[in-house]
2 protein chains.
Amino acid sequence: MPPKQSDSEKRPTIRDVAARAGVSVPTVSRALIGNYPVAPATRSKVLRAVRELDYVVNAHARALAGATTKTIAFIVDDVTGPFYAHIARGVETEAASQGRLCLLCTTHGDPERELAVVELMREQHAEAVIVVGGGYDDEHYTERMTYFARALDRAGSHLVLCGRPSLGEDVPATTVHYENESGAYAMTAHLLSAGHRTIAYLGRGPGLSTTDERVAGFRRAHADYGVPLDDTLILPGEFSKAAGYDRTQELLEWRSDVTAIFAATDMVAAGVLRALRKAGVQVPQDMSVAGFDDIPLAADLTPALTTVRVPHEDLGRESVRLALSREQGAPAGRAVLGTHIVVRESVAPPRQPRD
Amino acid sequence: MPPKQSDSEKRPTIRDVAARAGVSVPTVSRALIGNYPVAPATRSKVLRAVRELDYVVNAHARALAGATTKTIAFIVDDVTGPFYAHIARGVETEAASQGRLCLLCTTHGDPERELAVVELMREQHAEAVIVVGGGYDDEHYTERMTYFARALDRAGSHLVLCGRPSLGEDVPATTVHYENESGAYAMTAHLLSAGHRTIAYLGRGPGLSTTDERVAGFRRAHADYGVPLDDTLILPGEFSKAAGYDRTQELLEWRSDVTAIFAATDMVAAGVLRALRKAGVQVPQDMSVAGFDDIPLAADLTPALTTVRVPHEDLGRESVRLALSREQGAPAGRAVLGTHIVVRESVAPPRQPRD
DNA sequence: TTCCTATTCCTAACCGGTTTCTAAATTCGT
DNA sequence: ACGAATTTAGAAACCGGTTAGGAATAGGAA
């Protein structure tokens, strides 16, 4: 019924609706928004015209005229990773439930692109710009991000850092983080308690806050347990299955005394498990493996992966909740969500306890 | 340097830039867009003012004034699933490389919400609206989607159906599909060739094109191999690990003659494998299992999953490529990407071949 | 009946850009 | 040195809405 062949060829404007309903343009606007008294009879005339013409407002015109934008921008490394995907889901779900639309951008791990994208978002006048994932420990980067926080704030928008440390007290950016360092601490303690004394940490990214914090927890646990830590056991590598696989193969030919591997990520752990299986190393009898994230398939790996649970979806949800609840000019919010270890089957005491 | 404390409090407009540079507003616009001759000296004055004021254009104003929107809308069930996540990545990557931004919406599998969201996208004037995933076989649904295709087309936008069948020749919507039916056919043929005669298909969604097509391939293979198909072996269930787990447990107590399970999805297959492991059924010795999608962790399940590879990322990329390359008013594009089976370790001949 | 107060709607101004059209300033040929 | 061609810049109109600020019409009290 609606398609209206005759007056097609162009999307109808509010003017067309006004003409058809026999009222003025502002009346149509008010009837639709409902923030101003309009006689019932008039309103129904307007609504009928809207239906007949199949009219929808022009979001850009509305945004330009001052009504709020109803848009939340969302920047991640790569939607593909389970980590990001679940945060994305949290963000999208919460945003949608508050009647907002999501603008998505990916950076593919390039700090330069991340900055460029945040800049792009300024053009869009999003209510909030949520940057997800680890930050980079680089002065130039930090400085520019701080600058963007101020620029967005000035423009009535707001920056949210999700899953990375704060930029400082005086920067107008909300931070939604999770217990990253203590999650790594707990897992390392778990391994040390089981009797492991030579543990490799696999997947340190240089200057990426995500791994820096985890390594810090790894270190602190060693210190608390009085176990000396060999720094060469903190191996670099990106957060991928391939990296986990490769680094593990190298590790196996290089050192035979390692009894446990703490992977920076469950994905990395999957690669580790694969390399160990190929090499005929039994997990957990000959080698314990731990991950981080608790992705959906962590329990389906063989053996089921012992890992650190991160409330990804809640992180996303909380980010938009905080951003939207904040009064203009109010102090930036802050939240830290908890993590805890999930014990499954990939960790056991080492075959020959060292002490 | 840029923050400019003095004239802050408001985002600068093009008018401010013009005033500061000592030129008219249109001149600033032209200097920035570069589609009109501007004297080098003037241009640099303008650029300097832009830098000093830290000016960025207002995307809404620009969109309203007629310049193209540079936005692509993207509608999926749930970003969390590997299937959608990879398509999303393809879409985002290609969109970004063509200088477009992505608008993301999720429907959580609700056809009503999907329609509502497409409607919402009309307000946004996106260049293209890409709907991802299976369509619903429901007359009301099909009719409204057809109507939206027309409405979007009329408004200068364009609908792309990604991963679902076309709406018909005369509907202005581009279709980017994959060999779904023949992928299922190939996998079923693979199972039949191995000697299986009683195969369960697990994860049929009622009226969802994704599964309908797969079931069709499942049927056709049985017919070609002259193997009678017991319809009660086509089990319903959503695309989740939990569903795979539950249905498999039920199946095991109900029928003992099934020698292979074809899961609608790798995620479902993960649940199937888990249920079988719990029940002490050896895979592939006692039961063969096949999946569909070839998600990243498919090779890391135990045993490594034999599955059908779907080029998710390419689907996403091709969707935006087709949408953007299309001339206004040109006939809607169409593409079908190939699938192929990936043989790993979860399928073997049945213990007691039946014929 | 008259005056006053609510209602309800319309006219006008504005949001921040882009584009067409016109005028001024320059360059050029001769 | 003069008129024509060519750049370059500005004025005005427009994109599609929203939000004050009046004017008209209605209803109620005196």
Side-chain angles (χ1 to χ4, degrees), chain A residues 9-47 49-50 53-71 120 122-126 154-157, chain B residues 7 10-47 49-50 53-71 122-127 154-157:
Chain A
E9 282 321 300
K10 261 307 152 208
R11 106 177 334 212
T13 74
I14 197 173
R15 248 166 286 275
D16 301 324
V17 176
R20 177 150 196 140
V23 300
S24 74
V25 168
T27 301
V28 173
S29 174
R30 298 199 257 248
L32 291 180
I33 300 183
N35 59 354
Y36 196 88
V38 169
T42 312
R43 172 189 308 275
S44 67
K45 269 195 306 185
V46 170
L47 293 184
V50 164
L53 258 44
D54 189 31
Y55 166 80
V56 291
V57 295
N58 180 326
H60 297 300
R62 173 171 280 177
L64 183 55
T68 92
T69 316
K70 303 284 190 193
T71 294
L120 230 183
R122 278 179 66 196
E123 300 181 359
Q124 299 294 324
H125 276 218
R154 218 178 314 143
S157 194
Chain B
D7 48 17
K10 261 307 153 210
R11 106 178 333 212
T13 72
I14 196 172
R15 247 166 287 276
D16 302 323
V17 176
R20 177 153 198 138
V23 299
S24 73
V25 168
T27 300
V28 174
S29 174
R30 297 197 264 245
L32 290 179
I33 301 183
N35 59 354
Y36 193 86
V38 169
T42 311
R43 169 186 312 268
S44 65
K45 270 195 304 184
V46 169
L47 293 184
V50 164
L53 259 43
D54 190 32
Y55 167 80
V56 292
V57 294
N58 181 326
H60 296 299
R62 174 172 279 177
L64 183 55
T68 91
T69 317
K70 303 286 191 193
T71 293
R122 279 179 64 197
E123 300 182 359
Q124 300 292 325
H125 275 219
E127 285 179 271
R154 219 180 311 144
S157 194

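Keep in mind that this is a model prediction, so the values were computed, not measured. Per chain, numbering begins at 1; letters A, B, ... match sequence-line order.
Remark: Leu120(A) pairs with Glu123(A), Leu101(B) by the side-chain contact (heavy atoms from CB on, under 4.5 Å) rule, at least two apart or across chains. For Val50(B), the side-chain contact (heavy atoms from CB on, under 4.5 Å) partners two or more places apart in sequence, or in a different chain, are Val17(B), Leu32(B), Val46(B), Tyr55(B). Every residue two or more places apart in sequence or in another chain that forms a side-chain hydrogen bond (donor to acceptor under 3.5 Å, both in side chains) with Thr27(B) is listed here: Ser24(B).
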Report, one line per pair, each donor and acceptor closer than 3.5 Å where one atom sits in a side chain of residues 38-45 of chain B; sequence neighbours left out.
unit_1, atom_1, unit_2, atom_2, d
Arg43(B), NH1, Ala31(B), O, 3.1
Ser44(B), OG, Ala41(B), O, 2.9

Output a table of donor-acceptor pairs, distance under 3.5 Å, between side-chain atoms of residues 57-66 of chain B and any protein atom two or more places apart or on a different chain; print 'none' if there are none.
unit_1, atom_1, unit_2, atom_2, d
Asn58(B), OD1, His60(B), N, 2.8
Asn58(B), OD1, Ala61(B), N, 3.2
His60(B), ND1, His60(A), ND1, 3.0
His60(B), NE2, Gln124(A), O, 3.2

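Annotation: side chain of Val28(B) is not in contact with side chain of Arg15(B) (no heavy-atom distance under 4.5 Å).
Note that CZ of Arg154(A) is 10.0 Å distant from CZ of Arg11(B), once rounded to the nearest 0.5 Å. Going from atom CG of Leu53(A) over to atom OG1 of Thr13(A) covers 9.0 Å, rounded to the nearest 0.5 Å.
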Taking only N/O atoms, report every protein-nucleotides 16-24 of chain C pair under 3.5 Å with atom names and distance.
unit_1, atom_1, unit_2, atom_2, d
dG16(C), N7, Arg15(B), NH2, 3.4
dG17(C), OP1, Tyr55(B), OH, 3.0
dG17(C), OP2, Ile14(B), N, 2.5
dG17(C), O5', Tyr55(B), OH, 2.7
dT18(C), OP1, Arg62(B), NE, 3.0
dT18(C), OP1, Arg62(B), NH2, 3.1
dT18(C), OP2, Ser29(B), OG, 2.2
dT18(C), O5', Ser29(B), OG, 3.3
dT19(C), OP2, Asn35(B), ND2, 3.3
dT20(C), O4, Arg30(B), NH1, 3.1

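Between dG10(D) and Thr27(B), a contact under 4.0 Å exists linking OP1 or OP2 to a side-chain N or O.
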Original post:
Pairs counted as Watson-Crick or G-U wobble with both distances under 3.5 Å: what dot-bracket string results for DNA chain D, using | for bases tied to another strand?
Top reply: ||||||||||||||||||||||||||||||
